[in-house]
Amino acid sequence: MHNTGMGEYDVVIVGAGAAGLMCAGTAAMMGQSVLVIDHAEKAGKKILISGGGRCNFTNRFAGPGNFLSANPHFCKSALARFSAADFIDMVERAGIAWHERKHGQLFCDESARDILNMLLAPCRDAGVTFSLQTEVLAVKKEDHQFLIHANKGDFHAKALVIATGGLSIPKMGASAFGLKIAESFGLKVIAPVAALVPFTFTGKEKERLETLAGISLDVNVSCNGRSFSEAMLFTHRGLSGPAILQISSFWRPGDTLLVDLLPGTDSAAFLEQKCRERPQAQLTTVLCELLPRRLVPLLIEHDLGETRLCQLSQQQRRDLAVLLHGWQLKPNGTEGYRTSEVTLGGVDTDELSSKTMQSKRVPGLYFIGEVVDVTGHLGGFNFQWAWSSGYAAGMAIAEVQ
Ligand SMILES: Cc1cc2nc3c(=O)[nH]c(=O)nc-3n(C[C@H](O)[C@H](O)[C@H](O)COP(=O)(O)OP(=O)(O)OC[C@H]3O[C@@H](n4cnc5c(N)ncnc54)[C@H](O)[C@@H]3O)c2cc1C
């Protein structure tokens, strides 16, 4: 079936973001008539700001282990059907220059706009219709059709794809629309939580940490059995940087972070060696060789800092090593959706087919991208999920109809 008249499409996709555009291009190239609705004034806004404007569009090592979900197996099928290698292939065929940074993260050489243009090209070539600045007011399923009632008119479709993303950055148009639609059709939703997000502190701890704002150092940070070795940044509000954003996905209110300030350094051996070489040196002076100068007085009491190395007892040296490799910090919260990069939780994967992203209860209804309870680590994984799930749904819709 194709254009059957005004407002009738094979598929309506709500959300012109990463997943929605991937799905639209895929289904349209397979001969489907596609309408993409978005309440924003332009498509792909998050793509444009991603990766500091260069879009970390995938990760060479993307695999199921890089995703959080109540069902960690759910993402496997879609990731296998459309992998990081498949997306790299698309990028290369589009002639987009890219480069690899650490941990397999791939970025555009020029601009994130290249990725958006690449996604829009098949939509344009295959005649996808866009209705931007459009609010969906109600959605109903009648017989085998969906009726999408919007402020710009009513649309009918055999398939409805919800690709409205997570709740992060409401200023950019993020909304709970997808979760509400899921619930209105009786689908279970896992409560959303801001993730890949900086931590905040209050009171005395905030005042202490504030004095370090601007300092960045490589650490290993652990919480709830997970740990990440990356940079940590002190901010005026608390802590940020890649190590912190990564661990935020595993942190729950009340949890304490364990920060190894000197990963890979045997600080006990270092202190022993310094004690032999410069027994009269003050502890602070020696620690400043390993750590940012402003951080040291925050870690150790003034008196201890002034102690000469030769006066330190073995127990004090041991205690120091424990502190340096396991500094405990208890955030009071996170900066929330205002700055979080993604949202944990979403439509319960139990409700969806892992091969097609179609609702098991409501045939023809699909959920893709961040609205689904699949959340990637930092490093290009969230876009890869958008591409893989968008492709899975786009192909499935074309195959069914
Ligand atoms: C600052 C920032 C940087 C990021 N950088 C990276 C990166 O480099 N690499 C990476 O992998 N991930 C990155 N991410 C995460 C990534 O952007 C998202 O995971 C990804 O965009 C999710 O794709 P999506 O299509 O599901 O949702 P989105 O891309 O968010 O698209 C959702 C679309 O739905 C529309 N919408 C929402 N509500 C409604 C509604 N009620 N009616 C109509 N339309 C609606 C929105 O306007 C939007 O166009 C970043 C996120 C942020 C916030």
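From a predicted model like this one, the values you see are computed outputs, not experimental measurements. We number each residue from 1, following the sequence as shown. Just the heavy atoms: all of them, side chains too, but no hydrogens, waters or symmetry mates, feed the values below. Read the numbers this way: they start at 1 and go in the same order the structure lists the ligands and their atoms.
Using a 30° and 60° split on the angle between ring planes, Phe383 and Trp387 fall in the parallel class, below 30°.
For ligand 1, the atoms lying closer than 4.0 Å to a non-hydrogen atom of Ala18 are 23 (O), 25 (O), 29 (O). Residue contact check: Asn382 has heavy atoms under 4.0 Å from atoms 11 (O), 12 (N), 19 (O) of ligand 1. Short contacts between ligand 1 and Ala40, defined as distances under 4.0 Å to a heavy atom of the residue, involve ligand atoms 47 (O). The contact set between ligand 1 and Gly369, taken as ligand atoms under 4.0 Å from a residue heavy atom, comprises 26 (O). Atom numbering of ligand 1 starts at 1 in the shown order; those under 4.0 Å from a heavy atom of Ala163 are 32 (C), 33 (C), 34 (O).
Phe146 places a side-chain heavy atom less than 4.5 Å from the side chain of Lys141. Looking at heavy atoms from C-beta onward, Leu258 lies in side-chain contact with Gln328 at the 4.5 angstrom threshold. The side-chain heavy atoms of Gln282 and Arg308, taken from C-beta on, include a pair separated by under 4.5 Å.
Side-chain atoms of Ser83 and Asp86 include a donor-acceptor pair closer than 3.5 Å. Using modelled atom types and a 3.5 Å distance limit, the side chains of Asp350 and Asn71 yield no donor-acceptor pair. Checked by atom type, the side-chain pair Asp218/Ser229 shows no donor-acceptor distance below 3.5 Å. Donor-acceptor pairing under 3.5 Å is recorded for the side chains of His99 and Arg101. With hydrogens and angles left out, the side-chain atoms of Ser267 and His325 include a donor and acceptor closer than 3.5 Å. Side-chain contact annotation: Ser168 with Thr343, donor-acceptor N/O pair under 3.5 Å present.
In this structure, atom 5 (N) of ligand 1 lies nearest to the protein heavy atom Ser50 CB, 3.3 Å. Closest protein heavy atom to atom 1 (C) of ligand 1: Ile49 CD1, 3.4 Å. For atom 31 (O) of ligand 1, the closest non-hydrogen atom of the protein is Gly17 CA, 3.3 Å. Atom 15 (C) of ligand 1 has as its closest protein heavy atom Glu341 O, 3.7 Å. Nearest protein heavy-atom contact of atom 27 (O) of ligand 1 is Gly165 CA, 3.3 Å. Atom 24 (P) of ligand 1 has Ala19 N, 4.0 Å as its closest protein atom, hydrogens excluded (heavy atom only). Closest protein heavy atom to atom 7 (C) of ligand 1: Phe383 CE1, 3.6 Å.
Closest heavy-atom approach to atom 37 (C) of ligand 1 among the candidates Gly166, Gly173, Ala16: Gly173. Across His39, Gln105, Glu370, Met172, heavy-atom proximity to atom 40 (C) of ligand 1 is greatest for His39. Here atom 9 (N) of ligand 1 lies nearest to Asn56 when heavy atoms of Leu167, Ile368, Asn56 are compared.
Looking only at distances, no side-chain donor or acceptor of His302 sits under 3.5 Å from a matching main-chain atom of Pro297.
Geometrically, ligand 1 and Asp38 share a nitrogen or oxygen pair separated by less than 3.5 Å. By the 3.5 Å distance cut-off applied to N or O atoms, Phe177 is not counted among the residues near ligand 1. Considering backbone and side-chain atoms together, Gly51 places an N or O closer than 3.5 Å to an N or O of ligand 1. The shortest N or O to N or O distance between Ser175 and ligand 1 is under 3.5 Å. Between Gly44 and ligand 1, no N or O atom pair is found at a separation short of 3.5 Å. Close N/O approach between Cys55 and ligand 1 is not found [any backbone or side-chain N/O within under 3.5 Å].
Tested against Trp327, the residues Leu262, Leu295, Val322 include a single side-chain contact (heavy atoms from CB on, under 4.5 Å) partner, Leu295.
No heavy atom of Ala174 sits closer than 4.0 Å to any atom of ligand 1. At least one heavy atom of Ile169 sits less than 4.0 Å from an atom of ligand 1.
Here Ser168 has no heavy atoms under 4.0 Å from ligand 1, in either its backbone or its side chain. The backbone of Phe381, and not its side chain, has at least one atom closer than 4.0 Å to an atom of ligand 1 (non-hydrogen atoms only; backbone = N, CA, C, O). The proximity of Ala43 to ligand 1, defined as any non-hydrogen pair under 4.0 Å, does not occur for either the backbone or the side chain.
A centroid separation of 6.0 Å or more is found between the aromatic rings of Phe67 and His377.
Residues Pro363 and Arg361 approach most closely at CD-O, 3.4 Å, considering heavy atoms.
At least one cation-pi condition fails for Arg237 and Phe201: the charged atom is not both under 6.0 angstrom from the six-membered ring centre and inside a 45 degree cone around its axis.
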